[in-house]
Every structure is written in structure tokens, then in C-alpha cells.
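The structure under discussion appears below in the form of C-alpha cells.
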Amino acid sequence: MSVRVRFAPSPTGYLHIGGARTALFNWLYARHAGGIFVLRVEDTDDARNTREAVDVILDGLRWLGLDWDEGPVSGDAMQESKGDRGPYFQSQRGDIYQRRIQELLDNELAYEHEGAIKFRMTREPVTIPDLVAGDVVRKLTDREEADPDFVIVRSDGKPVFHLVNVVDDIEMGITHVIRGEDHLSNTSKHVELFKAFGVELPKFAHIPLILNNDGSKMSKRDTGASMTTYMEGGYLPAAVVNYLSLLGWSPKDDTEVMPVAELIKRFDLPGVQRANARFDMAKLDWLNFEHIRALEPDDFIAQALGQLQAAGIDTAARDADYTNAALALCTDKIKNLNDIAGYIGFFFRDAVEFNAEAAEQAFTPENRPHLAALREAYADLTQFDADSLMESLKATAAAREVKNKVLVMPARVACTGSKVGPSLYHLMEVLGQAEVVKRFDAALETM
RNA sequence: GACCCCUUCGUCUAGUGGUUAGGACACCGGCCUUUCACGCCGGCAGCACGGGUUCGAGUCCCGUAGGGGUCGCCA
């Protein structure tokens, strides 16, 4: 029987990083096993389940690249979904639940109680076979001891989570339930429900939770809890996927930087960790850097152009060679996509925006004659490539009996406005002789 | 209160009775670099605690402590 897994989020208005990781593990397992990844929207609840809230989830999954084989096409529950096991919105599956509830009622496995319907739960310990945690024997808590039966249909007629979750997994032919460990205790209820319906249990795999860096529970308000943090934070989806995969799963050797294709190839349930993991932004940042530098040149350029455009920097006026040469200087230096505009924006601005501190340090009265001399030397150059620029600067410094550094920083600030940036000689080569001289002149004006 | 899961450097992890307990991120040095990075070299740092079992325990058992989860007519 082929693998069928599902991600079943409740549309709460944001995609939690833990939910994203659960979706990722399901997706990786499906892709690894050549199975089907189902997306099911658990919108049985109340008014908070809006189309917008569903779209937030779908957008987050799409951004990560987690495509689903069956499920909604959009956040609109009324729109037809893809897949033949639908509907994939629980709000549209009322008749299915009614049938299943009646089945339980007919078999006297459930009964009415004060307008609600309750399920006859066993009082015996329930064994939960779990691929990650092993066989978990769940005893009744003292409160459950007092009344083991639980509500499956509210008095207002709406079926509750435990019931619909199990019914859907049965109807949709789910073979592996991969979900957060926060569901482990409640799985005893699900196990009994599956038995009541007379079907075989799916394989359960409860994965550890993601905690804050200090070990506390990660809730909506905590930094990094929402996927939007990464979607807007200059991260590559591949980096986030890679990092998330390593939280609670290990390939068992020391491999860490892995493209999605390799994760699919290597991911499997036996490698899933038992203990909760803490979120470490620094490590994500490092992986982001690794994935950015691993980008194909064309992909990097596409990313960079998008960033520059978003920052309001117009690159259309420049020719492609110039733009590509400027972007090429960022290779291996950019750690976050959001840094690109600040790093090389100067290439595309007519007037350099001077960083106040940098200008104060570099544009001193003592430096003025040195920079003026370099300006003349550069204006006379017949070859304007990086090597010539370096030789010329060294010669100028020697002639004026100052260290190279005395010329380097004013030149850098004059060209870029900043103390940090790409290699000075290379960036001047790209800027071109006329532009460099022009920028030196503008700097000299302020000194 | 009850029930369930978990516990190796600060963090993510390797480790399935015999290892100088390995790697990565972070951090701290040095080299390279006439910017910032990258890179290279080196360093700091861990088996929660207490009992067992065993010739031998990070690995097995029990207990304690700590962390997380669940016990709802929320999902």
C-alpha cells in the first residue's frame, strides 16, 4: 500500500514555525516514499476561519516549496479542490461526519448526553504504537477516571476535533499520521475511535516540538514563531527547509548543508529525534549564507534584482553587463538577501549617500590633498582595471609618503558612502573611470 | 492533582557496553586580507543527579530532579 500522509492545519491567521516543520516532515516523507501528500483544512471551528486565514497557510507552504498532491486550490472552501478524496475543508464534510456518528450510535459505541454525543471510551490503558516514541501505554488520568467518555459532537451539533480527525484520516486513506508530540496523549482517544470504526490503525509518528532558545514554549508572540518572519526576513526557502529538517531529525552522519533533493533522498522516520529542540536563529543564519552562496549565478542575480527593486533602486537604466558585474561582486559576501540593497545600492545611485560616521573619519582636511592626488592619477589612467587601480594607488601613496590605507578609506567612502563593501579596486573597475572621478570630485567638495 | 514524553558542549546533533565522547553553529585566539566578509589553523566547552546490573556504562534497569506535553461541548 502506498504511503498517504497529510498536514491538517487549523486556519488561525498565521503559519506557526512548528506547523511548518510538521508539514515539512510529512512532505519529505511522502516525497521520499513516493507517496501522496494531502493538505486538509481543519476549519470546523468558528468565525476565525476565514478565507484569508487559510491563504496565509497556503502561501507559507508554497513559499517553502511544499506542494500538495491533494487539497485546496485556494483559501476558498467553496472552490473545488484537487484530489478525489475531498472535500478537503472539514467545513464541507458535515454529511460524512453525520454518517460516521450514526454508525457509532447504531453500534451503541456512542450515546446522547445532555444534547451532546459522547463516545464510550475504554477504562483500560491504551497502547499507542508510535514509530518515534515506541509503544506508549497511556493510562487514564484521574479526571478521566471519573468519566472516561468524551464528547464527539457538541450540543450545537458540531463534531469535535478528535472525531473529525479520525474520520477524515479513515476516509482519506491516511497511512501515516506524522504530527507534533502535543497530540501524543490524545492519541489514545484516536486509537479507540479507529477500533470503534473497525479499521486498521495508521502508523503514528509523533515528532518533538520546537521550543524557544531559552527552552520555553514557542507561542504566537515569540520571535520567529511565524513563517512571515522568514518570508520577509531575507531567507531562502531552501535554507529554512534545511534548518527545519535538522530540528528533530538527523541524517546520522555529519552532513548539515543539504539541498531539498538530498533531504528527500535521506529523510526517514527512524532518524527522527525524541527530544524537543530549541530554535537557534544563528544557525539558521549560517545555513542561509551557505544556501545563498550555493545559488547558481543566474538565480543569485534574479534574487538580487528582486531585492534591489523592492528597495526602490532602479537597475533598468543600466545595461545588463554593468548590473551583472556589480552583482557578481556580492558572491560569497551576502549572508542575508535583505542585505543586498545596502551592500551594492551605491552602484545604481547617481549621488552617493554618505554614511555620517564613515564620512567624518575619511573626509578629513589632512586626507583631502591625498585624495585629490589620487583623483588626478586615476583621471590620467589609460587602463581602468582592478590591477591598474591598485598599482596606481600604491604609487600615489608612495610618492606622497603615506600608507596605502590613507588613500584606501577616503576612496572607498567617496565611491560607496560606506566603510564596508565589495573589494575597492574591483568595485571601481565596475563603476568606470568617469564615474569614479566624478565621485571623487563630489567627495572633495565636502572636505 | 493525574497521565504521557524527554534529558550528550550555550544551541543542533553523532554515539546502539570497551571512543582521547566526534561534527556543526555560536564564542575566543592566530594567519590571510591595505574595507567587511570568506577561507585556513588553533582554543574553550558536554554525557542532569543518585543508586544498581556488569570485568567494564553516555549507552541497560530503578529512583530523584528538571524541561515539555495532555487531561475541554478548542484544534
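Below, read A as the first sequence line, B as the second, and so on, with proteins coming before strands; counting in each chain starts at 1. Values in this document were obtained by computation on a predicted structure and should not be read as measured data.
Here A:R154 reaches the OP1 or OP2 of B:A75: one of its side-chain N or O atoms lies under 4.0 Å away. Contact check, A:R274 against B:G69: no side-chain N or O comes under 4.0 Å of OP1 or OP2.
One atom, CG of A:D285, and another, C1' of B:U11, lie 13 Å apart when rounded to the nearest Å. Put simply, CG on A:N165 is 16 Å from P on B:C74, counting in whole angstrom units. B:C12 atom P lies 9 Å from atom CG of A:L211, rounded to whole Å. Atom CG in A:N276 sits roughly 10 Å away from atom P in B:C6 (whole-Å rounding). The separation between A:I340 atom CD1 and B:A37 atom C1' is 15 Å, rounded to whole Å. Between the CD1 atom of A:I152 and the P atom of B:C74 there is a distance of 14 Å, rounded to whole Å. Straight-line distance from the CG atom of A:D254 to the C1' atom of B:A21: 13 Å, rounded to whole Å. Rounding to whole angstrom units, CG of residue A:L329 and P of B:C36 are separated by 17 Å.
Using a 4.0 Å heavy-atom cutoff across all strands shown, A:G180 reaches no nucleic acid atom at all. Within the 4.0 angstrom heavy-atom criterion, base atoms lie near A:P422. Contacts of A:G215 with the nucleic acid, taken as non-hydrogen atoms under 4.0 Å apart, involve only primed sugar atoms and P, OP1 or OP2. In this structure, A:N186 reaches the bases: a heavy-atom distance under 4.0 Å links it to at least one base atom across the strands shown. Contacts of A:S155 with the nucleic acid, taken as non-hydrogen atoms under 4.0 Å apart, include base atoms. Within 4.0 Å (heavy atoms only), A:V257 reaches no atom of the nucleic acid at all. If you check every strand for non-hydrogen atoms under 4.0 Å, A:K252 touches sugar and phosphate atoms only. A:R412 comes within 4.0 angstrom of a base, heavy atoms only. Among the protein residues, A:E144 comes within range of the sugar-phosphate backbone only, with heavy atoms under 4.0 Å from sugar or phosphate atoms but none that close to a base. A:Y243 comes within 4.0 angstrom of no nucleic acid atom, judged by non-hydrogen atoms across all strands. Across all strands shown, A:T416 has no heavy atoms under 4.0 Å from either base or sugar-phosphate atoms. Among the protein residues, A:K139 comes within range of the sugar-phosphate backbone only, with heavy atoms under 4.0 Å from sugar or phosphate atoms but none that close to a base. Residue contacts shown for A:E145 are absent, as no nucleic acid heavy atom lies under 4.0 Å away. Among the heavy atoms of the strands, none lies under 4.0 Å from A:K118.
For the C1' atoms, the distance from B:A48 to B:U59 is 16 Å, rounded to whole Å. Straight-line distance between the C1' atoms of B:G66 and B:U8: roughly 16 Å, to the nearest whole Å. The separation of B:G10 from B:C44, taken at their C1' atoms, amounts to 12 Å, rounded to a whole angstrom. Between the C1' atoms of B:C25 and B:C6, the separation comes to 23 Å (whole Å). Comparing the C1' positions of B:G58 and B:U13 gives a spacing of 14 Å, expressed to the nearest Å. Spacing of P atoms, B:C62 relative to B:U7, comes out at 14 Å, to the nearest Å. When the C1' atom is compared between B:C27 and B:U11, the two are found 12 Å apart, to the nearest whole Å. Straight-line distance between the P atoms of B:U70 and B:C61: roughly 27 Å, to the nearest whole Å.
Using modelled atom types and a 3.5 Å distance limit, the side chains of A:R266 and A:T255 yield a donor-acceptor pair. A:T446 and A:R368 are not linked by any side-chain donor-acceptor pair at a separation below 3.5 angstrom, with hydrogens and angles left out of the test.
In terms of heavy-atom proximity, A:V191 sits nearest to A:L201 at O-CD1, 4.0 Å.
With its glycosidic angle within 90° of 0, B:C38 is assigned syn.
Classified by interplanar angle (parallel below 30°, tilted 30° to 60°, perpendicular above 60°), the ring pair A:F119/A:F150 is tilted. Using a 30° and 60° split on the angle between ring planes, A:H113 and A:Y111 fall in the perpendicular class, above 60°.
In this structure B:U59 sits in no base pair that meets the Watson-Crick or G-U test at under 3.5 Å. Using the Watson-Crick or G-U wobble rule with both distances under 3.5 Å, B:C74 pairs with nothing in any strand shown. Remark: B:A26 base-pairs with no nucleotide; criterion is Watson-Crick or G-U wobble with both hydrogen-bond distances under 3.5 Å. With a cut-off of 3.5 Å on both pairing distances, B:U20 has no Watson-Crick or G-U wobble partner at all. Nucleotide B:G39 forms a pair with B:C31, judged by Watson-Crick or G-U wobble geometry with both contacts under 3.5 Å. As the counterpart of B:U64, B:A48 is assigned, both hydrogen-bonding distances of the Watson-Crick or G-U wobble pattern falling under 3.5 Å. With a cut-off of 3.5 Å on both pairing distances, the Watson-Crick or G-U wobble partner of B:C3 is B:G69.
Nucleotides of RNA chain B nearest to A:R138 and A:H183 differ in position, and the one nearer the 5' end is that of A:R138. Residue A:V132 is the one, among A:V132 and A:G115, whose nearest nucleotide of RNA chain B lies closer to the 5' end (criterion: closest heavy atom).
In this structure, the nucleotide among B:A37, B:C71, B:A26 sitting nearest to the side chain of A:A282 is B:A26. Closest contact between the side chain of A:V160 and the listed nucleotides B:C5, B:A75, B:C25 involves B:A75. Here the nucleotide nearest the side chain of A:V136, chosen from B:C4, B:A14, B:G23, is B:C4. Checked against B:C73, B:C5, B:A37, the side chain of A:K335 finds its nearest nucleotide in B:A37. Side chain of A:A277, nearest nucleotide from B:A37, B:G39, B:C12: B:C12. Across B:C38, B:C12, B:C5, the shortest atom-to-atom separation from the side chain of A:F289 is found for B:C38. Nearest to the side chain of A:S423, among B:U35, B:G68, B:C71, sits B:U35. Closest approach to the A:R143 side chain among B:U70, B:U13, B:G1 is made by B:G1 (side chain taken as heavy atoms from C-beta onward). Comparing atom distances between the A:W286 side chain and each of B:C73, B:A24, B:G68 picks out B:A24 as nearest. Comparing B:A24, B:U11, B:A14 against the side chain of A:Q273 picks out B:A14 as the nearest.
One cannot find a donor-acceptor pair under 3.5 Å joining the base of B:A26 and the side-chain atoms of A:K283.
In this structure, A:R375 is not positioned above the aromatic face of A:Y378 in the sense of NZ or CZ being under 6.0 Å from the six-membered ring centre and within 45° of the axis. With A:F197 as the aromatic partner, A:R100 meets the cation-pi criteria of under 6.0 angstrom to the ring centre and within 45 degrees of the ring axis.
Note that the CZ atom of A:R179 and the CD1 atom of A:I207 stand 11.0 Å from one another [nearest 0.5 Å].
Using a 4.0 Å cut-off between a side-chain N of Lys or Arg and a carboxylate O of Asp or Glu, A:D285 and A:K335 do not qualify as a salt bridge.
Within 6.0 Å of the NZ atom in A:K195, the count of heavy atoms belonging to other residues, nucleotides or ligands exceeds 12.
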